[in-house]
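A short write-up of the structure that comes next.
Reckoned from all heavy atoms, side chains included, excluding hydrogens, waters and symmetry mates.
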Amino acid sequence: QLQLVESGGGLVQPGGSLRLSCAASGSTFQFYTITWFRHAPGKKREGVSCISTKNSTNYAQSVRGRFIISRDNAKKTAYLQMNSLEPEDTAVYSCAAALTPFRPGTVCDELPVDYWGRGTLVTVSS
């Protein structure tokens, strides 16, 4: 069993930056693929970025070049660095974990989820 807790959300101005954290406990974090999802009212849930156990990464087109995903297995924590934020980035951001292998060409939005965090709200507004 794995528990995930997100933190770092809040209010930020357009063009600003924010770093989200996903702290894990209860299992072997290093064996899980990690995905950051976001969900805004009236929109479908979107897989923003994912990272494999070998630190391979992928990004949704909407955030590519602006967001960076990373992980620190010693700290059992994954991160999402968000830069050049836009109002359209406003959403609840959740991290998720899965034992599904991560291979080249993997689409983050299509990865299964074994464990979810509760989410953290990011609001981008002036």
Side-chain angles (χ1 to χ4, degrees):
Q1 193 172 53
L2 190 68
Q3 294 83 44
L4 303 172
V5 179
E6 302 93 338
S7 63
L11 176 64
V12 64
Q13 294 183 333
S17 297
L18 208 60
R19 189 175 80 156
L20 306 182
S21 297
C22 174
S25 62
S27 191
T28 50
F29 174 80
Q30 66 268 32
F31 297 146
Y32 288 83
T33 294
I34 302 297
T35 300
W36 283 98
F37 290 88
R38 67 184 181 186
H39 198 178
K43 297 182 179 180
K44 294 175 58 178
R45 180 179 290 107
E46 178 184 24
V48 172
S49 183
C50 49
I51 185 167
S52 77
T53 59
K54 300 292 186 180
N55 285 319
S56 296
T57 61
N58 204 0
Y59 299 88
Q61 184 177 352
S62 57
V63 307
R64 190 169 296 142
R66 299 189 297 121
F67 291 9
I68 302 172
I69 191 172
S70 62
R71 67 191 297 164
D72 186 335
N73 290 335
K75 296 182 179 179
K76 293 186 175 182
T77 303
Y79 305 94
L80 185 68
Q81 177 67 47
M82 305 184 294
N83 302 313
S84 302
L85 284 163
E86 305 167 352
E88 293 74 21
D89 295 317
T90 296
V92 173
Y93 286 73
S94 302
C95 63
L99 289 172
T100 303
F102 188 114
R103 297 182 179 276
T106 295
V107 178
C108 302
D109 204 34
E110 297 178 353
L111 284 168
V113 174
D114 295 319
Y115 301 99
W116 284 100
R118 291 183 178 272
T120 185
L121 176 63
V122 173
T123 302
V124 184
S125 179
S126 59

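For the pair R64 and N58, the minimum side-chain heavy-atom distance is below 4.5 Å. Looking at K75 and S21, their side chains never come closer than 4.5 Å, going by heavy atoms from C-beta outward. In this structure, M82 and V12 have side chains that are not in contact, with every pair of non-hydrogen atoms separated by 4.5 Å or more. No side-chain heavy atom of V92 sits less than 4.5 Å from a side-chain heavy atom of F37. Looking at E86 and V124, their side chains never come closer than 4.5 Å, going by heavy atoms from C-beta outward. Side chains of S25 and K76 form no contact here, defined as non-hydrogen atoms less than 4.5 Å apart. The shortest side-chain heavy-atom distance between I69 and T57 falls under the 4.5 Å cut-off. Annotation: side chain of L85 is in contact with side chain of F67 (closest heavy-atom distance under 4.5 Å).
Under 4.0 Å is where a charged nitrogen must lie from a carboxylate oxygen, and between D89 and R66 at least one such pair does.
Taking every heavy atom of both residues into account, L4 and C22 meet most closely at CD2-SG, 4.0 Å. Shortest non-hydrogen contact noted between P14 and S126 is CD-N, 3.6 Å. The shortest non-hydrogen separation linking I34 to F29 is CD1-CE1, 3.8 Å. Scanning all heavy atoms of the two residues, the minimum distance from A98 to V113 falls at CB-CA, 4.4 Å. When all heavy atoms of A60 and G47 are compared, the pair lying nearest together is CB-O, 3.5 Å. Residues Q3 and G26 share a closest heavy-atom pair of OE1-CA, 3.6 Å.
Taking the six-membered ring where the residue is Trp, Y32 and Y115 present perpendicular rings, their angle passing 60° and hence far from 30°.
Counting heavy atoms of neighbouring residues, nucleotides and ligands inside a 6.0 Å radius, atom CD of Q13 does not exceed 12 of them.
Here the rule is side-chain contact (heavy atoms from CB on, under 4.5 Å) with C50, and of F102, Y59, W36 only F102 fits it.
Atoms CG and CG, on L99 and D114 in that order, are 5.5 Å from each other to the nearest 0.5 Å. Between the OG1 atom in T33 and the CZ atom in R103 there is a gap of 11.0 Å [rounded to 0.5 Å]. Here the CD atom belonging to E6 is positioned 11.0 Å from the CG atom belonging to L80, to the nearest 0.5 angstrom. Rounding to the nearest 0.5 Å gives a distance of 7.0 Å between CD of E46 and CG of D109. Separation of atoms OG1 (T90) and CG (L11) is listed at 8.5 Å; rounding is to 0.5 Å. To the nearest 0.5 Å, the span separating OG on S49 from OH on Y79 amounts to 15.0 Å.
Under the 3.5 Å distance criterion, the side-chain polar atoms of T120 are matched with a main-chain donor or acceptor of G9. Of the possible polar contacts, one joining the R71 side chain to the S52 backbone as a donor-acceptor pair under 3.5 Å is found.
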Can R38 and V63 be said to form a side-chain contact (heavy atoms from CB on, under 4.5 Å), step by step?
CA-CA 11 Å; R38 67 184 181 186; V63 307; 3.9 Å; yes
